[in-house]
Amino acid sequence: MGAKRALIGVAAGVAVAIVAGYALLRGPEYGRMIRAAEAFERNGNYSETRVFTGSGDEHRQFRRRDAGGARYDRSEYRDDVMVSGPAAGGFRIFPALELAVKDPEWKPQVEIPDSLIPDLDAYTEYRVEEKECYGVPCYYIAQHFIVSDGLYRVFLEFSEKVRAIPGMKVPPAEELEKIYREQLASGEYFVYGIGKENGFLYSRIRYDASGRPLYGYESKDVVIDPEMPDSLFEVPAGFMIERPAQRQEFWQVVNARREEAREAAGATP
């Protein structure tokens, strides 16, 4: 709940600073607002339905942190469900087949501590607009970087800190600088849609320099701090559990179960 209260406090503080309409602005409050929303996305307890840019595909997802900081995730797709947590590991569940298949390569996600996320406000301009995201009033904040050698240094220093995290893979510094320079020179930018009342990150979309959306998502049906029992992140009782030794065996197991289900359905009078 502490993270939630802090998030709301940041949102309320920014509200008095935003002018009506759409303007090019400089100010650390917008960067703080984005960072707070992203931190809650990583660490908060919430459920949402994500709708993806371009395809219109969507799925329902749940995220929970326990008292010890362990992360639990559940993503509900059309035909299957992904669940993960420190106890169960990672499973893909097929309700119609009453089957759960363990991902043989699943490991707890290596996460970047919030304290390492760089402050880029000195190298950023913002365009701010007020509009709704699926009926929820939001601030839409476009983040445009001011390209400079100082900005590259901040990115590279951040990458070196991330490289020091056990289990985190980062390309060599020379390759990273080339990537950063190409991306920033392209003029691409992100737009963040952040709830006016709760500071939740309702939208994050990347655009090219002409304003064409490239990829991202919007969220609807958001519930902050919902009731999420342990069973939401576990394999349902009575389901067949398969544990393939290698990733390439995963779909062999699923397809075999589907064939069994088809044969059983054909044999039913």
Side-chain angles (χ1 to χ4, degrees), residues 38-55 57-114 116-117 158-173 175-176 179 201 204 206 214-217 219 228-262:
E38 290 185 319
F40 188 74
E41 180 187 42
R42 292 189 296 270
N43 304 313
N45 298 319
Y46 58 89
S47 62
E48 60 176 342
T49 298
R50 285 194 171 181
V51 182
F52 291 90
T53 303
S55 68
D57 293 338
E58 62 180 63
H59 69 258
R60 185 78 178 160
Q61 68 176 35
F62 303 78
R63 178 163 298 168
R64 189 186 77 181
R65 293 276 186 178
D66 64 18
R71 174 172 158 174
Y72 297 77
D73 285 287
R74 176 185 178 94
S75 296
E76 299 178 348
Y77 302 93
R78 184 179 61 183
D79 298 320
D80 56 88
V81 178
M82 294 288 296
V83 296
S84 64
F91 274 91
R92 192 161 183 169
I93 299 169
F94 299 84
L97 302 176
E98 296 188 347
L99 171 69
V101 185
K102 187 174 179 60
D103 183 347
E105 298 180 5
W106 184 88
K107 296 178 181 178
Q109 183 175 344
V110 180
E111 299 185 86
I112 300 172
D114 292 344
L116 292 187
I117 304 300
F158 167 67
S159 299
E160 289 306 309
K161 293 176 182 177
V162 172
R163 193 192 310 279
I165 300 173
M168 189 69 73
K169 296 181 179 179
V170 179
E175 182 180 341
L176 275 176
I179 293 171
L201 186 59
R204 177 167 47 200
R206 187 165 192 155
L214 300 174
Y215 62 85
Y217 67 87
S219 296
M228 290 187 283
D230 291 343
S231 59
L232 198 64
F233 308 96
E234 298 171 349
V235 175
F239 274 36
M240 177 185 293
I241 298 176
E242 295 283 358
R243 294 181 170 86
Q246 298 179 351
R247 174 64 64 84
Q248 56 263 38
E249 298 174 11
F250 184 96
W251 286 109
Q252 295 175 7
V253 169
V254 174
N255 291 333
R257 179 63 174 164
R258 283 175 173 159
E259 185 60 31
E260 291 174 5
R262 282 194 291 267

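Contact check for F94 versus V101: side-chain heavy atoms found under the 4.5 Å cut-off. Contact annotation: the side chain of V254 never approaches that of D80 to less than 4.5 Å [non-hydrogen atoms, C-beta and beyond]. Side-chain atoms of I241 and K102, non-hydrogen and from C-beta on, never get closer than 4.5 Å to each other.
The nearest pair of heavy atoms linking P104 to A245 is CB-O, 3.6 Å. In plain terms, the two heavy atoms of A100 and I93 that are nearest each other are CB-CG1, 4.1 Å. When all heavy atoms of L176 and P171 are compared, the closest pair comes out as CD1-O, 3.5 Å. The two residues R92 and W251 make their nearest non-hydrogen contact at NH1-CZ2, 3.6 Å.
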**OP:** Would you please test D57 and Y217 for side chain to side chain contact (heavy atoms under 4.5 Å, CB included) and show each step?
**Re:** CA-CA 10 Å; D57 293 338; Y217 67 87; over 6 Å; no
**OP:** Begin from the C-alpha positions of L201 and E38 and carry the test side chain to side chain contact (heavy atoms under 4.5 Å, CB included) through to its verdict.
**Re:** CA-CA 7 Å; L201 186 59; E38 290 185 319; 4.1 Å; yes
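To the nearest 0.5 Å, the span separating CG on L97 from CD on E259 amounts to 11.5 Å. Note that CD of E76 is 11.5 Å distant from CD of E58, once rounded to the nearest 0.5 Å. Here CZ of R258 is found 9.0 Å from CG of L99. Values are rounded to the nearest 0.5 Å. If you take CG on N255 and CZ on F250, they are separated by 10.0 Å, rounding to the nearest 0.5 Å.
A salt bridge links D103 to R247: at least one charged side-chain nitrogen sits closer than 4.0 Å to a carboxylate oxygen. A salt bridge is absent between E242 and R257; no separation between the charged side-chain nitrogens and carboxylate oxygens falls under 4.0 Å.
With S84 contributing its side chain and G90 its backbone, the two residues share no donor-acceptor pair below 3.5 Å.
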Check: residues 60-70 side-chain donor-acceptor pairs under 3.5 Å, at least two apart:
unit_1, atom_1, unit_2, atom_2, d
R60, NH1, T49, OG1, 3.1
R60, NH1, D221, O, 2.7
R60, NH2, S47, OG, 3.0
R60, NH2, D221, O, 3.1
Q61, OE1, H59, NE2, 3.1
Q61, NE2, E48, OE2, 2.7
R63, NE, D73, OD1, 2.9
R63, NH1, E41, O, 2.7
R63, NH1, Y46, OH, 3.3
R63, NH2, D73, OD1, 3.3
R64, NH1, M228, O, 2.8
R64, NH1, D230, OD1, 3.1
R64, NH2, D230, OD1, 3.0
R65, NE, R42, O, 3.3
R65, NH1, G69, O, 2.9
R65, NH1, E111, OE2, 3.1
R65, NH2, R42, O, 3.0
R65, NH2, N43, OD1, 3.4
R65, NH2, E111, OE1, 2.5
R65, NH2, E111, OE2, 3.2
D66, OD1, G68, N, 2.9
D66, OD1, G69, N, 3.0
D66, OD1, A70, N, 2.8

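Here F233 pairs with Y72 under the ring-ring contact (aromatic ring centres under 6.0 Å, His included) rule; sequence neighbours left out.
Each salt bridge (Lys or Arg N to Asp or Glu O under 4.0 Å) pair with one or both residues in residues 161-170, not counting sequence neighbours, appears once here: E160-R163.
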